[in-house]
Amino acid sequence: MERCAQVLNRALHALFTERADVVLIGEDLLDPYGGAFKVSAGLSTKFPDRVLTTPISEAAIVGIAGGLALRGLRPIVEIMFGDFTTLAADQIINHVAKFRGIYNGQVSCPVVIRTPMGARRGYGPTHSQSLEKIFLGIPGLTVVAPSRHHELGALLRGAVLESHDPVLFIENKAMYAQPHEPPIADRVAEFSTRTSADCFPTLTFSLNNFAAPDLTLATYGGMTPLALQAALELATEHELFAEIIVPSQLSPLPTTELQASLSTSRRLLVAEEGTLTAGWGAEVVARLMDITDFPFASARVAAADSIIPTSRPLEEAMLPQPADIIAAALKLTASPRR
Amino acid sequence: MKPIVVEQSDLNSETAILVSWSVPNGATVASGETICIAETTKAAIEVPAPAAGQIFHVFAAGATIAFNRPIAYLAASSAESSAAEQAARAASAPASTSTVKATKKARQLAAQHGLSLETLAQPDVLITEAHVYAALGKTPPSATATAIIAQPSPLPATGARVLVLGAGLGAMQVIDILLHDPLLTPVACLDDDVSTHGQSLFGIPVWGALAQLDTLWSAQKFTHAIVAISTNIAVRKNLFLRARALGIPFVNAIDPTARLNRGVVLGTGNVLCSQVHVGVATVLGDNNFISSHTSIEHHNTWGSHNTVGPACATSSRAVVGDEVLFGTGIFLQPGVGIGSRARIASGAVLTQNIPADHAVKMHAQFQVTPIVPTP
């Protein structure tokens with residue numbers, strides 16, 4: 001099975017071959033280095049004019065890409081670590097996300113900003129964060145964070161070619177090395193799956209062929225394998241069946257699948273790798289409270305509100321683990337359905 | 001026959017990709033010749049043959065490989081070649097897994113009724129309790145009844161099932177302690193003394209020799225272990241390390257009359273017999289055997305694999321190393337340090353530090369004479 005980093009690399013090669021207006025801009029992209037995680041490997045050799053390696057200035061990189069997009073190109077930005085998106089936040093939030101609105105729809109700015117986020121590799125406080133929550137709810141910006149079970153190539157293609165607005169494309173670091181395992185005939189290992197028809201689809205996983213779930217477990221990106229592992233243990237050890245909803249688009253939040261699942265389960269558990277406070281989970285719970293007309297119980301599993309330690313055992317203790325999901329699910333299902 | 005491994009070259013990567021083999025499977029190579037190229041996120045690594053010989057691949061090119069695990073076997077001579085080939089083939093075979101997927105509740109219910117889950121297996125279906133009830137032609141108990149049974153109780157539903165290593169005098173003490181503890185259930189003993197086999201200690205059977213440890217552990221016949229050899233420290237330590245190497249967790253056997261004060265930190269695998277006292281903030285390592293009425297005072301620091309006879313007493317701040325053998329009725333002044341592997345004779349009153357690997361002997365001054373009856 002191909003690793004996710006290889007799949008993304010192949011998708012970039014396909015995009016560059018298909019379209020002459022696609023360019024890549026970022027730091028350390030040239031071969032033989034090929035980007036810090038090798039996702040850009042081989043591109044600069046095959047397409048030397050369309051891979052722009054730059055000095056260390058994330059604001060300049062995104063600014064240039066914004067200009068290229070306004071003039072009709074399809075630029076892809078690679079920010080080496082997601083933690084460094086803070087340096088480009090002004091260009092992302094106040095510029096590329098605003099242009100279409102500011103100029104009354106006369107221009108579009110289809111920049112794709114690819115960046116790795118996530119921990120579990122011992123990279124320490126400033127190379128391990130999941131900062132995508134900072135960029136949720138910025139009008140004009142789409143935030144996409146696929147799991148290893150999404151069709152990564154199709155998602156990247158959709159972000160680059162089909163989106164009018166800029167897309168922040170979050171690639172989980174741990175996912176890079178994991179095998180790419182999209183559903184085959186609506187199945188992934190023990191799970192039955194459903195895939196929504198969106199450009200950035202939501203996956204739903206079930207262990208009881210979509211019979212009534214005991215709880216709805218929402219997660220995304222790098223937390224997905226851990227959530228599936230927890231769901232498997234909940235089913236085999238406790239006969240509790242979670243329906244796992246995994247959107248690839250975090251913002252704006254797609255709610256159809258969540259709402260449908262929750263209408264039966266009446267219990268919502270959200271698991272994310274970022275810190276708890278003001279996270280994606282807070283928006284998921286609040287949004288579903290707003291739009292549903294039935295009562296439900298909810299809980300959130302996330303990283304402790306702390307900085308990420310470099311020590312692996314301490315990092316593990318700080319980050320959400322399958323055991324945390326299981327404990328939260330048992331607590332949530334201990335009370336009768338609302 | 002030599003296993004060939006890729007050493008970890010950078011801390012950023014947990015695995016490497018085996019990019020290509022430079023020599024085909026079964027090829028003969030010279031010492032130092034590059035046999036394959038592995039790539040981490042930071043570097044490409046050329047892996048040299050550690051010696052001349054024939055190379056047998058474990059993985060195909062493109063595989064993700066772990067560091068320091070065999071990726072190939074090298075046969076230094078033709079005599080080794082079939083063994084190396086077999087080792088490579090065995091290492092590359094995927095682990096076999098059961099095909100039947102069922103929940104724990106389903107497995108338990110099927111086992112209770114002697115039903116084989118294989119008969120219920122369908123592709124892509126996780127067998128639940130409901131499937132088993134249906135196959136048995138029984139109605140599942142009502143949700144209400146289950147809910148009452150599932151009410152949280154003060155005790156966990158299942159405690160540790162403890163295997164006692166040793167079936168001698170020490171084991172009787174350990175089993176007596178375990179039988180007092182509602183969370184620890186002794187299941188059996190193992191001992192190399194064949195005369196104990198088939199016997200039982202306070203109702204706990206002796207299953208056989210210690211060589212069975214691995215197979216019993218693989219068969220999940222127990223969940224935890226404890227060493228019940230008290231006086232032979234070498235055996236006690238070896239048994240502990242052997243079980244630990246298998247990944248077996250240990251329990252502490254603490255008699256209900258033992259008193260552990262606030263701030264005590266215990267490792268694991270310790271035996272604390274009747275009336276033992278451990279003072280505040282004392283730290284005990286692993287696998288210590290502390291006989292009855294011994295008092296380990298406050299702010300002591302003890303290592304592992306020590307055994308202590310009855311009624312010994314330390315004072316505050318004693319520091320005791322590893323594998324120290326204490327006799328009976330020994331006293332330590334405050335702050336005394338005892339080095340590892342020291343042996344302290346019964347009745348000693350220690351007022352100074354004892355270095356590692358030293359024995360303290362007593363020259364008794366008393367005489368034993370027959371009593372002459374008075375007329």
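Just so we're on the same page: letters track the sequence lines, and every chain starts at 1. For the numbers below, each heavy atom of this structure counts, side chains included, while hydrogens, waters and symmetry mates do not. What you see is a predicted model; the values in this text were computed from it and never measured.
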Test: [X] and [Y] ion pair at under 4.0 Å:
X      : Y      : value
A/E315 : A/R120 : no
B/D286 : B/R244 : yes
A/R148 : A/E181 : yes
A/E2   : A/R10  : yes

Below 4.5 Å from any heavy atom of chain B, which atoms of [X] appear? Answer side chain, backbone, both or neither.
X      : value
A/F241 : side chain
A/N208 : neither
A/Y176 : neither
A/A177 : neither
A/E190 : side chain

So do the side chains of A/T204 and A/S261 get within less than 4.5 Å of each other, counting heavy atoms only?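 With C-beta onward as the side chain, the pair stays apart.
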Residue, of B/T128, B/T15, B/I127, that accumulates the most heavy atom pairs under 4.5 Å with chain A: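 It is B/T128.
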Winner by heavy-atom pair count (cut-off under 4.5 Å) against chain A, out of B/V125, B/T64, B/I17: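 Ranked by contacts with chain A, first place is B/I17.
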When only pairs under 4.5 Å are counted, which of A/L232, A/N209, A/L207, A/T236 shares the most heavy-atom pairs with chain B?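 Highest number of pairs under 4.5 Å: A/T236.
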What residue, out of A/R187, A/E237, A/Q6, has the most heavy-atom pairs lying under 4.5 Å from chain B?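 Maximum pair count with chain B is reached by A/R187.
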Contacting region of B/A63 [heavy-atom separation from chain A under 4.5 Å]: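 No part of B/A63 comes within 4.5 Å of chain A.
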Can you say whether B/Q108 sits under 4.5 Å from chain A via the side chain, the backbone, both, or neither, judging by heavy atoms?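 Nothing of B/Q108, per the 4.5 Å heavy-atom cut-off to chain A.
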Tell me if the centroids of the rings in A/F205 and A/H149 come within less than 6.0 Å of each other.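 Ring-ring flag for A/F205/A/H149: true, centres closer than 6.0 Å.
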Centroid-to-centroid, B/F250 to B/H224, below 6.0 Å?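 No, ring centres 6.0 Å or more apart.
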Compare every heavy atom of B/H57 with every heavy atom of B/A88, then report the nearest pair and how far apart it is.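 Closest pair (atom of B/A88, atom of B/H57, distance): CB-O, 3.5 Å.
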